[in-house]
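Here the structure is laid out as structure tokens; the discussion comes afterwards.
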Amino acid sequence: MNTAEIDSSSTPQRAASTGSAPVALELTGVTKTFGRVEAVRGIDLTIRQGEIVAFLGPNGAGKTTTIDMVLGLSEPTSGTARVFGLEPHHAIRRGLVSAVMQTGGLVKDLTVRETVELTASLFPTARAVPEVIRTAGIEEIADRMVGKCSGGEQQRLRFAMALVSDPELLILDEPTTGMDVNTRRAFWASIRADAEQGRTVIFATHYLEEADAYADRIVLVRRGQIVADGSAAEVRALGAGRTVRVTWPNAEVEQLRTVDGVEGIDVRGEQVLVHAKDSDAVARYLLTRTPAYDLEIEARGLEDAFVALTSDDDLMTESEK
Amino acid sequence: MSTATIDLTHRPPAKGGGFNTTLLRLEIRRLLRNKRTMLFTVLLPVAFYLIFGQTIKPSDQSLGPGTHGNVSAFIMISMALYGACLATTSGGSTVSVERAQGWSRQLRLTPLSPLAYVVTKALTAMTLGLMSVIAVYIIGAVTGKADMPLWAWIATAATVWVGSLMFAVYGLFMGYLLPTENVMQLLSFTLVIFAFAGGLFLDLSQTAHWYQTLAKFTPMWGLNELVHVPITGGFQWLSLVNALVWLGLFTAGAVWRFRKDTARV
């Protein structure tokens with residue numbers, strides 16, 4: 001399996017190269033309801049071995065609920081989750097999956113080294129503890145009590161715990177929170193190196209540039225559904241188009257919706273923001289048919305794509321088949 | 001093109017649910033590191049014995065015809081039982097802290113089975129309980145007041161230790177039931193109540209009739225009677241029934257809360 005393409009600009013090829021790899025994770029029609037709240041509303045997702053996938057979405061989008069089902073901590077209300085063809089909790093029992101949580105998950109009265117040792121002792125195929133401590137950059141604090149470690153140090157320890165278990169699928173929830181720039185870089189270098197050996201990585205993050213730089217594939221979740229799924233470039237293109245900004249007091253935007261290519265309208269006081277594929281048509285309409293003035297046209301980046309895809313009610317739902 | 005998934009034969013499920021001696025060793029080390037726990041579970045019962053077992057007037061008086069020890073030995077056994085129960089409850093209740101800190105959730109993401117985790121917790125608690133018993137017995141032997149035959153020293157110590165398993169289960173039950181980090185503060189209070197009610201801290205025969213009747217329904221009474229059998233010789237079925245019923249209740253409670261805690265919802 002060739003997964004040597006690590007340049008983030010070539011991610012579409014990378015995605016293609018893993019297209020025939022065995023399936024690591026398969027979610028089929030997964031829903032999850034808590035009482036009347038539909039946290040996950042039908043997710044179909046296949047992730048192949050060796051992929052690095054960013055799981056993006058606003059708070060309450062259903063990311064954590066979905067991850068909990070992948071980890072076997074909860075069961076789908078309907079649909080199935082399979083990890084390497086197994087039920088999630090069976091995959092966990094074989095040490096195939098490991099996860100790094102954003103907070104908690106540590107005891108204060110063990111040292112850093114003891115925590116890694118303890119974790120290693122639970123996995124039948126654990127890596128050597130000293131080696132992992134070196135890789136995670138926690139040699140200097142190895143004999144410190146966990147309770148005395150800073151947030152960034154604890155995050156590095158969590159990373160060491162995930163590494164020592166040597167999982168086939170690694171799930172990271174906001175993994176680099178609290179890390180400084182150098183640690184963050186070293187962290188991702190290590191993740192990439194392991195992915196090249198065939199490890200599958202799924203991470204949830206709020207840092208869009210991190211998703212852009214390190215993921216082969218971005219899965220955008222909104223209101224319990226996948227709204228976009230593809231390489232960073234593809235997702236950017238989905239939310240592409242431009243934003244037309246005008247000043248338009250007492251704007252009457254209903255008519256504007258009929259203009260071709262309009263994806264969303266955002267009225268902020270006298271400012272009206274129109275997201276559209278064809279910004280020329282929108283600009284022409286605004287300047288000739290309405291009293292709007294002071295018009296600006298902006299291109300959108302991944303962040304805008306993220307905002308457009310996850311918060312814009314007028315957007316059609318994109319699902320990749 | 002390969003459609004096969006990864007080779008699972010290289011990834012067998014963990015043996016024994018992931019139970020291992022490294023885990024047990026580190027768990028025990030954690031417990032020993034906790035100075036407050038050590039103070040309360042080892043030094044406190046020793047101090048109680050020194051106060052009650054040495055200073056009470058007829059401490060070197062025999063317990064009477066047909067018995068095998070003196071008053072000091074009797075009190076030593078009671079204090080060892082109190083210490084062991086305090087220690088095992090404390091050990092079991094640490095699950096509460098671990099739940100609060102997200103550690104038990106983290107462990108659920110490893111091959112360690114919840115059952116192996118609970119067994120490790122119980123064994124750790126029992127280790128601390130053993131230390132408590134040994135500490136009280138060493139002080140009892142060194143100070144020279146407690147008197148009973150060698151076999152009775154061994155038999156009573158063993159009964160106390162095995163019996164304290166009941167409170168390891170109690171600690172686990174409460175640790176799973178109560179969501180606070182300071183669960184032990186509450187539990188040591190309940191243990192003092194149980195100890196007074198069960199006759200560990202006072203001579204029940206000197207109390208009012210209603211008190212004696214009530215005592216027979218409390219969780220430490222049966223155990224307290226049983227651990228003294230080697231020197232008093234006064235075995236009664238009722239004390240065994242009391243101990244087994246409470247053990248059953250605590251176990252049921254612990255299993256219920258444990259299932260609830262580890263359920264996939």
Side-chain angles (χ1 to χ4, degrees), chain A residues 1 19-24 32 34 49 68-69 71-75 82-101 103-111 114-115 117-125 145-147 158 161-162 165 167-169 171 198 200, chain B residues 1-38 94-117 120-121 181 261-265:
Chain A
M1 185 172 69
S20 61
V23 171
K32 182 73 186 175
F34 299 104
Q49 284 177 42
D68 277 359
M69 289 187 279
L71 293 172
L73 292 172
S74 68
E75 301 246 37
R82 287 288 178 274
V83 180
F84 301 106
L86 301 170
E87 287 203 31
H89 66 278
H90 288 299
I92 292 275
R93 275 184 56 200
R94 287 172 187 261
L96 292 165
V97 189
S98 185
V100 178
M101 293 299 147
T103 53
L106 295 171
V107 276
K108 294 169 189 164
D109 51 357
L110 282 175
T111 68
E114 285 167 350
T115 307
E117 268 178 40
L118 193 155
T119 309
S121 79
L122 304 177
F123 288 85
T125 52
M145 285 291 159
V146 171
R158 288 193 190 94
M161 288 160 73
S165 58
E168 296 290 339
L169 170 63
I171 294 178
T200 315
Chain B
M1 174 177 136
S2 160
T3 50
T5 187
I6 51 156
D7 186 358
L8 291 175
T9 55
H10 293 302
R11 292 280 193 174
K15 284 198 184 71
F19 178 84
N20 70 86
T21 52
T22 305
L23 175 65
L24 189 60
R25 175 173 57 83
L26 287 170
E27 282 291 331
I28 291 170
R29 198 188 287 174
R30 271 181 71 200
L31 214 49
L32 298 185
R33 222 171 242 161
N34 190 329
K35 292 191 182 65
R36 197 203 281 182
T37 304
M38 293 305 288
T94 55
V95 295
S96 157
V97 184
E98 294 178 8
R99 286 171 64 226
Q101 295 181 353
W103 181 243
S104 30
R105 182 187 157 96
Q106 181 66 34
L107 289 178
R108 286 181 68 194
L109 304 179
T110 71
L112 182 69
S113 77
L115 186 64
Y117 169 69
T120 306
K121 281 282 153 198
E181 289 216 18
D261 190 62
T262 56
R264 283 182 296 277
V265 287

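Naming: A, B, ... by sequence-line order, numbering from 1 per chain.
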Problem set entry | Non-neighbouring partners of Arg93(A) that pass side-chain hydrogen bond (donor to acceptor under 3.5 Å, both in side chains), sequence neighbours left out | none
Problem set entry | Considering all heavy atoms, the nearest Pro124(A)-Pro12(B) contact | CG-O, 3.7 Å
Exercise. Where is the tightest heavy-atom contact between Asp68(A) and Arg105(B), given as atom of each residue plus distance?
Worked result: OD1-NH2, 2.9 Å
For this session: Could you go through the side chain to side chain contact (heavy atoms under 4.5 Å, CB included) check for Leu107(B) and Leu122(A) one step at a time?
Result: CA-CA 9 Å; Leu107(B) 289 178; Leu122(A) 304 177; 3.7 Å; yes
For this session: Check step by step if side chain to side chain contact (heavy atoms under 4.5 Å, CB included) holds for Gln106(B) and Leu106(A).
Result: CA-CA 8 Å; Gln106(B) 181 66 34; Leu106(A) 295 171; over 6 Å; no
Seminar exercise, completed: Honestly, the part of Thr111(A) sitting under 4.5 Å from a heavy atom of chain B is both
Exercise. Considering only heavy atoms, which portion of Val97(A) lies under 4.5 Å from any heavy atom of chain B: side chain, backbone, both, or neither?
Worked result: backbone
For this session: Please determine which of Thr110(B), Leu24(B), Thr22(B), Leu112(B) meets the side chain to side chain contact (heavy atoms under 4.5 Å, CB included) test together with Ser121(A).
Result: Thr22(B)
Exercise. With a 4.5 angstrom heavy-atom cut-off, which part of Arg30(B) approaches chain A: side chain, backbone, both or neither?
Worked result: both
Exercise. Which residue out of Leu71(A), Leu110(A), Leu86(A) racks up the most heavy-atom pairs below 4.5 Å with chain B?
Worked result: Leu110(A)
Seminar exercise, completed: Nearest heavy-atom contact between Glu98(B) and Val107(A) is CG-CG1, 4.1 Å
Problem set entry | Most contacts with chain B, counted as non-hydrogen pairs under 4.5 angstrom, among Met69(A), Glu117(A), His90(A) | Glu117(A)
Problem set entry | Region of Pro167(A) in contact with chain B, defined by heavy-atom distances below 4.5 Å | backbone
Problem set entry | For the student: nearest non-hydrogen atoms of Leu109(B) and Phe123(A), plus distance | O-CZ, 4.1 Å
